Amino acid sequence: MAARVFGRLLPLSLLWALALPAAAWNAAGHRISAMIAWESMDVPTRDAVATILRQHPDFEQWLLRANGADPDLTAFLEASTWPDDIRRDKRFYTSGSEEPTPTQPGFPDMERRLNWHFVDRPVGRYERLLPSPGVIDQQLVALARTVGDRKEKLSARAYALPWLIHLVGDAHQPLHAASRYGPDGQSDQGGNKMTISNPLHAHASSISLHRYWDDLPAPPWLNGSRLHSTVIALISRHPAPAATGTPEQWIDESWQIASEHAYPPEVDAVPTITADFHNQALTIANRRVTEAGYRLAALLRQLLR
Ligand SMILES: [Zn+2]
C-alpha cells in the first residue's frame, strides 16, 4: 500500500525498504544471536559494551523490561531489536514518505533508516542488475568504525552500537542479502513479494517467503529462561567458527545460501513448503543465528578491548 501511494514520490531504494513488512529475523532471532554473543564475550568486553549502552537515550526504557535480569544483559538484548522497534515508534520518521520529526536529545536525527537492513543481490548470479537500494554492507563497516573509535563522542558510539548488534544478525539472514528477479526484471524484494503455502504451520499457512525465514529460529515472544535454554542448546550443537570473517564474507555466505537453499521448488503457482525443505531451512536458520552471535562477540572484542 505504502509503496503504491508514494510510488511517484519515492526513489526505488525506498520502495524496497517501505515494502519490507518484516524485519529480518524476528525479535527472538535477534535476541538469540545477542545472547549467544553475551555468553561468548569476556568480562572486559561486556563492561565496555555496557558503558556505551548506558549512554543511549533509550537505556532507561530498556531497563523497564529487565524483570529481575542483569541490567547490562537486558540492555544488550533490547539494543539488538531497537532498529526494528523504531519502525513503530512515533518519535521517528521514514525518509521519503514522512516529514522529519523533531530531533530528541542524544540522537543524530530521527530517521528510521529502513535501507540499512539489507542488500539486494540477484540469486544465482554474482553481478548486480541494479545498484542495491539497501546498504547493510556499507553500514556494517561504518558502524564498526564508529563503535571502535575512542576519539568519537560517546553519544555517537551509543547510537551506532545497537545498529551494529542488529545488523550483524540481519547480515546472516539469507534473504537479507539476495532477491530473485523475474523475467520482467522485477525483484521479489528478498522474498517479500513471494507468497508461499506452508501446510506445516496452521497459523501462518500463507505468508511471504521472507517472513517464513524470519520466523524460523523461534517464535517472536521467546525471552527470559526459555531464551536462555534455547541459546544453551544452540551453543552445544554449534561450536564457535574458527574464523570470524568480515561483513562482506557473511553477506556472501547469505547470498550463496539464498541462491541454493532459500527458495522452495516451484511445482505449483504457489510454492509449497515440504517437510524436507522445512527441516533443511530450520537447520540453516539455527546455524546462522548462532554464527551471528559468535561473530558479534568476536567483533565487539576486537573493537573494544
Ligand atoms: Zn533488521
Side-chain angles (χ1 to χ4, degrees), residues 2 13-37 56 58 62 76-89 92-96 110-121 132-144 146-147 159-179 187-193 207-223 247 250-251 253-255 257-258 262 285 288-293 295-296 299-300:
S13 59
L14 284 159
L15 287 180
W16 207 126
L18 283 173
L20 261 185
W25 306 124
N26 66 29
H30 283 287
R31 281 196 291 269
I32 289 171
S33 294
M35 194 179 252
I36 288 170
H56 193 280
D58 288 348
W62 295 340
F76 192 68
L77 295 178
E78 291 294 322
S80 78
T81 58
W82 186 85
D84 281 342
D85 296 337
I86 64 172
R87 292 167 189 255
R88 298 177 294 274
D89 188 329
F92 292 82
Y93 72 98
T94 301
S95 175
M110 308 309 284
E111 218 200 303
R112 293 200 176 98
R113 309 191 192 287
L114 301 183
N115 67 337
W116 283 16
H117 297 258
F118 66 95
V119 63
D120 195 7
R121 295 180 180 172
S132 168
V135 291
I136 189 174
D137 46 350
Q138 297 163 37
Q139 282 308 316
L140 277 167
V141 175
L143 292 161
T146 302
V147 168
Y159 177 77
L161 183 51
W163 270 111
L164 184 63
I165 297 167
H166 180 84
L167 293 186
V168 171
D170 278 359
H172 285 75
Q173 208 280 37
L175 288 175
H176 269 242
S179 292
S187 155
D188 76 354
Q189 300 178 348
N192 271 297
K193 287 169 88 180
I207 53 170
S208 77
L209 181 66
H210 189 98
R211 168 82 194 284
Y212 166 78
W213 274 91
D214 279 352
D215 287 344
L216 279 170
W221 46 259
L222 189 77
N223 214 334
W250 310 336
I251 291 166
E253 291 167 0
S254 280
W255 170 81
I257 292 168
R288 293 301 277 169
V289 290
T290 310
E291 284 171 348
R295 286 161 163 180
L296 175 60
L299 176 65
L300 293 175

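Remember, it's a predicted structure, so these values are computed and weren't measured experimentally. First listed ligand is number 1; within each ligand, the first listed atom is number 1.
- Annotation: side chain of Phe118 is in contact with side chain of Pro133 (closest heavy-atom distance under 4.5 Å).
- Evaluation of the ring-ring contact (aromatic ring centres under 6.0 Å, His included) rule for Trp213 yields no partner, not counting sequence neighbours.
- Here His166 reaches the Zn ion (ligand 1): one of its N/O/S atoms is less than 2.8 Å from the metal.
- Side-chain contact between Ser95 and Glu111 is present, with heavy atoms from C-beta onward closer than 4.5 Å.
- Residue contacts to the Zn ion (ligand 1): His30 brings no N, O or S atom closer than 2.8 Å.
- For Asp170 atom OD2 and His117 atom ND1, the angle they make at the Zn ion (ligand 1) is roughly 100°, to 10 degrees.
- With sequence neighbours excluded, no residue forms a ring-ring contact (aromatic ring centres under 6.0 Å, His included) with Tyr93.
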